[in-house]
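To start, the structure under review is shown below, and the notes come after it.
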There are 2 protein chains.
Amino acid sequence: MNAAERLAGKEVRPSMLRIAVLEYLMHTKAHPTIEEIYHALHPKIPTLSKTSVYNITKLLTEKGLTKAITIDEKQIRYDADVSMHGHFLCERCGRVLDFSLTGISDGALDGFHIHTKEVYYSGVCKSCLKDE
Amino acid sequence: MNAAERLAGKEVRPSMLRIAVLEYLMHTKAHPTIEEIYHALHPKIPTLSKTSVYNITKLLTEKGLTKAITIDEKQIRYDADVSMHGHFLCERCGRVLDFSLTGISDGALDGFHIHTKEVYYSGVCKSCLKDE
DNA sequence: TTTCATTTTTGTAATGATTACAATAATAAG
DNA sequence: CTTATTATTGTAATCATTACAAAAATGAAA
């Protein structure tokens, strides 16, 4: 499903900017920050403002089209993959990597309404360890 | 083990303020913010500054005596229970509750060095649901 | 098309938690 | 007691994010 269809599916009018932001997030696994999204799109869309990137990512996240990743306290990152998976922050290279998650038992929360689940790990990634 | 002993065990000089902050965190399950720690201790220690609360919580966390909980993007919360457990943020009452965690499989991260693991859920807690 | 209302986008200013830093106070060692 | 080191404090700076109002774009109705 493409970006415009995803937006329409959540009753969000598919403006050019919204499509551009969601499409960009759909085509990267880098979990970019606002700053990175802005710098990636600005060359193609010179009128783009950083405020719009803030507004749009916030809207997309409220509508469940993207996820806000707050693994790094400094800046929020965004991910168009809203399926259940964990995030690993490498302290060496700064990258945020996905990892698959299975078998979390949250029976302790019986009777709770659970809206979001986030799993954040940090450490040093395989590739950085190899470079030593 | 009391606060002074825990500090000494990590080669942190057990000053009165450090003991007071760590002791406070050890005796609450509320995951307080800097602001809350400051307001709780200030009546007993009138000379306490908020900067010291920042410095001390940062030091304690670096030494592994406390954990920084970043489940709420607005403010960092602190927890003296550094054992593996999940945190649940209730959107209704704002409380952060502990829950026990078992069976997370992170085999996908073989070959990584894992330093921290955080599991953050959000939703509505049982007690708020009952109040409806 | 023209008009009008609504929505989207933009730029600037405000917010507020956290950090930097330098000065002061307390502590430990000699 | 003196001196060096560490701890604490207060103020100023930082910087990501939000608030807000103006401008631009869009859509519906005539």
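These numbers come from the heavy atoms of this one structure, side chains and all, not from hydrogens, waters or symmetry mates.
The shortest distance between the side-chain N/O atoms of B/K74 and the OP1/OP2 oxygens of D/dT18 is below 4.0 Å. Checking the phosphate oxygens (OP1, OP2) of D/dA25, no side-chain nitrogen or oxygen of A/S15 falls inside 4.0 Å. Listed pair B/T33 / C/dA17 fails the phosphate criterion, with no side-chain N or O lying under 4.0 Å from OP1 or OP2. Between A/S52 and the phosphate of C/dT9, there is no side-chain N or O to OP1/OP2 separation shorter than 4.0 Å.
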Any protein N or O atoms within reach of nucleotides 3-5 of chain D? Criterion: under 3.5 Å, listing atom names and distances.
none

Which protein N or O atoms sit under 3.5 Å from an N or O of nucleotides 26-28 of chain C?
none

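Put simply, the side chain of B/R18 gets close to the backbone of B/R13: a donor and an acceptor are under 3.5 Å apart. Panel note: side chain B/T33, backbone B/I76; no donor-acceptor pair is recorded below 3.5 Å. A donor-acceptor pair under 3.5 Å links the side-chain atoms of A/T57 to the main chain of A/V53, judged by distance alone.
Nucleotide C/dA25 holds its P atom 17 Å from the CG atom of B/L48, rounded to whole Å. To the nearest angstrom, C1' of C/dT9 lies 13 Å from CG of A/L59. Distance, B/R18 CZ to D/dT6 C1': 8 Å, rounded to whole Å. Atom NZ in B/K58 sits about 13 Å away from atom C1' in C/dC21, given to the nearest Å. Rounded to whole Å, atom P of D/dA12 lies 16 Å from atom NZ of B/K50. Following rounding to the nearest Å, A/I45 (CD1) and C/dT9 (P) show an atom-to-atom distance of 10 Å. When rounded to the nearest whole Å, the span between CD1 of B/I76 and C1' of C/dT18 equals 7 Å. Atom CD1 in A/I56 sits about 5 Å away from atom P in C/dT9, given to the nearest Å.
Note on A/L109: it clusters hydrophobically with B/I104, by side-chain heavy-atom contacts below 4.5 Å among ILVMFWY residues.
With hydrogens and angles ignored, no donor-acceptor pair under 3.5 angstrom links the side chain of A/S49 to the base of C/dG11.
Closest to the side chain of A/Y54, from the set D/dA16, D/dG10, C/dT10, is D/dA16. With distances taken from any side-chain atom of B/Q75 to the nucleotides C/dT9, D/dA16, C/dA17, the minimum falls on C/dA17.
Side chains of B/E118 and B/K67 form a contact here, defined as non-hydrogen atoms less than 4.5 Å apart.
Using a 4.0 Å cut-off between charged nitrogen and carboxylate oxygen, B/D79 and B/K29 do not count as a salt-bridge pair. A salt bridge is defined here as a Lys NZ or Arg NE, NH1 or NH2 lying under 4.0 Å from an Asp or Glu carboxylate O, and B/K126 with A/D110 fails to meet this definition.
Closest-nucleotide positions on DNA chain D for B/E73 and B/N55 were compared, and the one nearer the 5' end corresponds to B/N55.
Both tests pass for A/K50 against the ring of A/Y38: distance under 6.0 Å to the centre and angle within 45° of the axis.
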Without placing hydrogens or testing angles, list every side-chain donor-acceptor pair under 3.5 Å for residues 88-98 of chain A, not counting sequence neighbours.
unit_1, atom_1, unit_2, atom_2, d
A/E91, OE1, B/H115, ND1, 2.8
A/E91, OE2, A/S122, OG, 3.4
A/E91, OE2, B/H115, ND1, 3.1
A/R92, NH1, A/E132, OE2, 3.3
A/D98, OD1, A/H31, NE2, 2.8
A/D98, OD1, A/H85, NE2, 3.1
A/D98, OD1, A/H87, NE2, 3.2

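Checked against the 6.0 Å centroid criterion, the rings of A/Y121 and A/F99 qualify as a close aromatic pair.
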